[in-house]
Participant: 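My structure is below; once you've seen it, I'll send some questions.
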Amino acid sequence: MKRSLFLALLILVLISVTRFQVDWLAERPIAVKLGYTPAAEVQRLLAGEHRLALSEMSVIRVLFYFGSLVDKWRNQIMLPPEYFNMYKTVETAVKLDPYNMDAYYFAQSAFTWEVGRAREVNALLDYGMKYRTDDWYLPYFAGFNAAFFLQDYKQAAQYMERAAQLSGNPLFAKLASRYFYESGRTQLGIAYLQGMVEQERDPQQKRAYKLRLDALVVTRTIEDALSEWRQDHDKDPQNIAELYSAGLLAQIPEDPYGGEFFIDEEGKVRTTSKFALARPVENTQQQTLDEIPEAKE
Amino acid sequence: MLPIILMTMRCFLRDRILFALLGAAGLLLLLIPAMSSFSMRQVQELSITLSLSANSFLLLILATLLGSASVWGDIERRYTAGLLGLPLSRRSYLLGKFTGIAVFLLACCAILAVAGLAVIAIAKSQYPAASDPQWWVILLASAMIGLKYVLLAAFAMFFSTLSTSFFLPIFGTLGVYFAGTASQEVFEYLNSDIAENLSPLVKSCAEAFYYILPNFSAFDLKVQAVYGLPLDAMSLLGTLLYFLAYLAVLLTLSVWLFERRDL
Amino acid sequence: MNAIEIKGLSKTYRGKRGARVEALVDLNLDVKAGEVFGFLGPNGAGKSTTIKLLTGQLRLNSGCAMLFGVQVSDPDARLRLGYLPENPSLHGHMNAWEHLRFVGQIHGLDAQRIKRDSQQILELLELDKDAKRPVKGYSKGMTQRLALAVALLPDPDLLILDEPMSGLDPLGRALVKDIIRDAKGRGKTVFFSTHITSDIEAVCDRIGIVVRGRLCALENVAELLREGVEGYLVRYADKLGCQHEDLIVRDRLRERLDSLLASGATLDAIEPHRRDMEAYFLQTVKDAEACLS
Ligand SMILES: Nc1ncnc2c1ncn2[C@@H]1O[C@H](COP(=O)(O)OP(=O)(O)O)[C@@H](O)[C@H]1O
Ligand SMILES: [Mg+2]
């Protein structure tokens, strides 16, 4: 009797300690959660035959982490993401398993729009193309990045040619050539995002693509209005409201990312949100991101 | 030799720990379809990766435990006194024991492989992939896992014939496993430009180890199985011959040492 | 042909850090077929070492040993051997039937004979009721009995038993003695080690006493018993009819008997009075130890 009482007491203590532990773990700084990724070579040696599994686990870890951030952004909690660590982890993942499509896919969706690292992503995709030789997704992504973000149309055409060959679908080549000029950029983005929304399974990712698609569609409406304005005027309008007053827009368009649209000095339609949920924050983590060389947008 | 093979296997079948291990592996396999669905673009591939990895991991534990406990355990529990008082040569005893372990390992491997195929089929039916899994390649990869751990069990047994405690067999076997898995990687690194200014002594030492240690990466067909890459029949045959030759050397050495041992 | 031939056999154990134990020094011993040989010695004398050498579990350092003319390093030497190890230990997951079947198969017996003989031996050793239980749950005595059954199953020409009585109840001891006598009756050879002298008198033809690895006595038991007669216990009634008992030393028996008969007493019984085996054994060990040190 006494002994069972003692055991019950011990279990009670354990439960309360566990409670405390759970809270403590939940409040760890994000950096601790994602953690530091050891060098790919070390991981390869240690993981041995299980490196495919390890590679996939790393990607899923980053994916979860990123998902939790996106949730927080949606609730207006702005946390600076650890892009550098995320990128490193994904890079390590493809070194562990160069065939890991999840890694390429994640790199494409996370490091292009939000952080503008299209050049690095394309380097990663180039690496992947050496292994996934009959996968049209990789050249397609690379082609899109080259055209949309890097505005290197020659490169983009080569990638798209390859995607068209691999998929047996000439649409890619055409799609590319049709929009490979500056003014077609928004339309290119819309076409790409429409494709992504269609084939995405994960509801969270799908929402993210849709949001971006909506933003581009709105941008496109404003751009159309602006080119109509330019047919009648020599000078660009001061702001978007002028387009509305002129009856070229049905309403003042709203930025789904919560920013405000404006027309810059070069006459391009832009928004204060820069189409990013996460605003850049000046702090040390942001600095580490800069270790990845800046890509031109 | 047949009676000793049968006795070895019968005792494994009556060991509850082994069944607990197999049960745990079964549960792990059941989790795979759910875990695979975390993947964005390669649910099917992930399910193949995980089922092969689970298979390999369980066999690692089994091969290490069974191989290490084999001779050393029999001596420790003084079974050998009675066994070797029979008109049974030490060679037959050792080889019979090893055959029992090998057959048991291969049977576990086969069970897990078949269970793995079922799990992969489930994962695949959840989210159909662009191409069907290459069932035969997956089975072949599983078979290679089986062979690899048979070789590892031979190592464990080799240490077990030398040792008077569990320490050397268990940790020696795990050491051989890790070194044998990494050796190809290290070898390639040493032959690359990065390692140019390494001292030649270190290099030749590492090279010696590369040739002495079993090269387990040769048995690793996971990438081919997961991504449906083409297989090279010649290199498979080479691996098979390597397996047989290495196993023969190990067993001969074990028998030779065991025949000279006082019990 | 001798059942056991041992010539110049030595064994030195090498322990850790160069420690050496001379367990057996230059042992020479022949055991004839059909003989029951008792191998005596105090604890740690080298009895088990000798037996392990004979059954091929230890490597010989020097000398040679043969069973029925076959070197002990050859597994075939054990074809005609039934061996009971010291403190036997049997596979806990298997039951008695399975152990016996396994041993029978190793000896190459056919299934029917294994079944028949196993049944018989299990009954003899009173294990038949527990024969289907895994050996894990056996008591020490039961394990000893089963190990003995294993040794007996192939009906071997030579039985080597290392302390067969240890762990057995009085019934078991009597049973083992019966088994040894029965084997002798069927012309088998038995070599067994013990440190209990009373076992010896009952069954042995010859004994060897080993002390600190050296054989220091090799005796015929019948002769020993004869020689060991120190005097006689004479029971008689004097002419008044009173009963008397007298211990008479060996040399004076005749003289005393003459005088008794002359005095008109009637003899009831004359029994030889022996110095017992125990005393002989203790004396031998003491002498040997004194000699060695
Ligand atoms: N494996 C061993 N290693 C070292 N010494 C041993 C070993 N086995 C026995 N000995 C030593 O050899 C001597 C003889 O032992 P043993 O033959 O078992 O005696 P016993 O006559 O009681 O059966 C003892 O001194 C014992 O300590
Ligand atoms: Mg002993």
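Below, read A as the first sequence line, B as the second, and so on, with proteins coming before strands; counting in each chain starts at 1. Computed from a predicted structure; not experimentally measured.
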Participant: For Lys177(C), look at atom NZ and say whether over 12 heavy atoms of other residues, nucleotides or ligands are found less than 6.0 Å away.
Facilitator: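 Counting neighbours around NZ of Lys177(C), more than 12 heavy atoms of other residues, nucleotides or ligands fall under 6.0 Å, so yes.
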Participant: Walk me through whether Ile106(C) and Tyr93(B) qualify under side-chain contact (heavy atoms from CB on, under 4.5 Å).
Facilitator: CA-CA 11 Å; Ile106(C) 294 280; Tyr93(B) 162 75; over 6 Å; no
Participant: Flag the one option from Arg77(B), Glu259(B), Arg261(B), Arg260(B) with the top tally of heavy-atom pairs under 4.5 Å to chain C.
Facilitator: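 Top count of heavy-atom pairs under 4.5 Å with chain C: Arg260(B).
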Participant: Minimum heavy-atom separation for His91(C) to Asp74(B), with atom names?
Facilitator: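 Here His91(C) and Asp74(B) meet closest at NE2-OD1, 4.4 Å.
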Participant: Answer with side chain, backbone, both or neither: which region of Arg101(C) has an atom nearer than 4.5 Å to a non-hydrogen atom of chain B?
Facilitator: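 Just the side chain, heavy atoms under 4.5 Å.
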Participant: Using heavy-atom distances under 4.5 Å, tell me whether Asp162(C) contacts chain B through its side chain, its backbone, both, or neither.
Facilitator: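 For Asp162(C), there is no contact with chain B at all, as no heavy atom is under 4.5 Å.
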Participant: Roughly how far, to the nearest 0.5 Å, is CG of Asp262(B) from CG of Asn61(C)?
Facilitator: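 With rounding to 0.5 Å, CG (Asn61(C)) is 7.5 Å from CG (Asp262(B)).
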Participant: Evaluate whether atom OH of Tyr13(C) has more than 12 neighbouring non-hydrogen atoms of other residues, nucleotides or ligands under 6.0 angstrom away.
Facilitator: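 More than 12 within 6.0 Å, yes.
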Participant: Does any heavy atom of chain B fall under 4.5 Å from the side chain of Leu90(C), the backbone, both, or neither of them?
Facilitator: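 The backbone, not the side chain.
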Participant: Quick one: do Leu6(B) and Gln105(C) satisfy side-chain contact (heavy atoms from CB on, under 4.5 Å)? Show the steps, please.
Facilitator: CA-CA 11 Å; Leu6(B) 292 178; Gln105(C) 283 168 346; 5.6 Å; no
Participant: Side chain of Thr55(C), backbone of Gly85(B): donor and acceptor closer than 3.5 Å?
Facilitator: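 The answer is no, because no donor-acceptor pair under 3.5 Å joins these two groups.
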Participant: Answer whether the closest heavy-atom distance between the side chains of His93(C) and Asp15(B) falls below 4.5 Å.
Facilitator: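 Result yes, sub-4.5 Å side-chain heavy-atom pair found.
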Participant: Pick one of side chain, backbone, both or neither for Arg90(B), based on which atoms fall under 4.5 Å of a heavy atom in chain C.
Facilitator: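 When you check distances to chain C, only side chain atoms of Arg90(B) fall under 4.5 Å.
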Participant: Backbone N or O of Pro87(B) within a donor-acceptor pair of the Asp76(C) side chain at under 3.5 Å?
Facilitator: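 A pair under 3.5 Å: no.
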Participant: Name the region of Lys136(C), side chain, backbone, both or neither, that has any atom closer than 4.5 Å to a heavy atom of chain B.
Facilitator: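 Lys136(C) has no heavy atom closer than 4.5 Å to chain B.
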Participant: With rounding to the nearest 0.5 Å, note down the distance linking CG in Leu263(B) to CZ in Arg59(C).
Facilitator: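 Here the rounded value is 11.5 Å.
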Participant: Which atoms of Pro75(C) are under 4.5 Å from chain B, going by heavy atoms: the side chain, the backbone, both sets, or neither?
Facilitator: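 When you check distances to chain B, atoms from both the backbone and side chain of Pro75(C) fall under 4.5 Å.
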Participant: Hey, is the main chain of Ser89(B) close enough, under 3.5 Å, to the side chain of Arg78(C) for a donor-acceptor pair?
Facilitator: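 Answer holds: no.
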Participant: Which atoms of Arg78(B) come close to chain C, meaning under 4.5 Å heavy atom to heavy atom: side chain ones, backbone ones, both, or neither?
Facilitator: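 Both parts, backbone and side chain.
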Participant: Kindly compute the distance separating CD (Glu98(C)) from CE (Met7(B)), expressed to the nearest 0.5 Å.
Facilitator: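 So the CD of Glu98(C) and the CE of Met7(B) are separated by 10.5 Å.
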Participant: Hey, is CZ on Arg91(B) packed in by over 12 heavy atoms from elsewhere, all under 6.0 Å?
Facilitator: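 At most 12 heavy atoms, drawn from other residues, nucleotides or ligands, come within 6.0 Å of this atom.
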Participant: Mark yes when over 12 heavy atoms from residues, nucleotides or ligands other than Ile17(B) sit less than 6.0 Å from its CD1; otherwise mark no.
Facilitator: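 No.
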Participant: Tell me whether the count of non-hydrogen atoms from other residues, nucleotides or ligands lying under 6.0 Å of CZ in Phe166(B) goes above 12.
Facilitator: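 Count not over threshold, so no.
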Participant: Can you confirm whether more than 12 heavy atoms, excluding those of Phe57(B), are under 6.0 Å from its CZ atom?
Facilitator: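 Result for CZ/Phe57(B): open.
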Participant: Is chain C contacted by the side chain of Ile4(B), its backbone, both, or neither, given a heavy-atom distance below 4.5 Å?
Facilitator: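 For Ile4(B), backbone and side chain are both near chain C.
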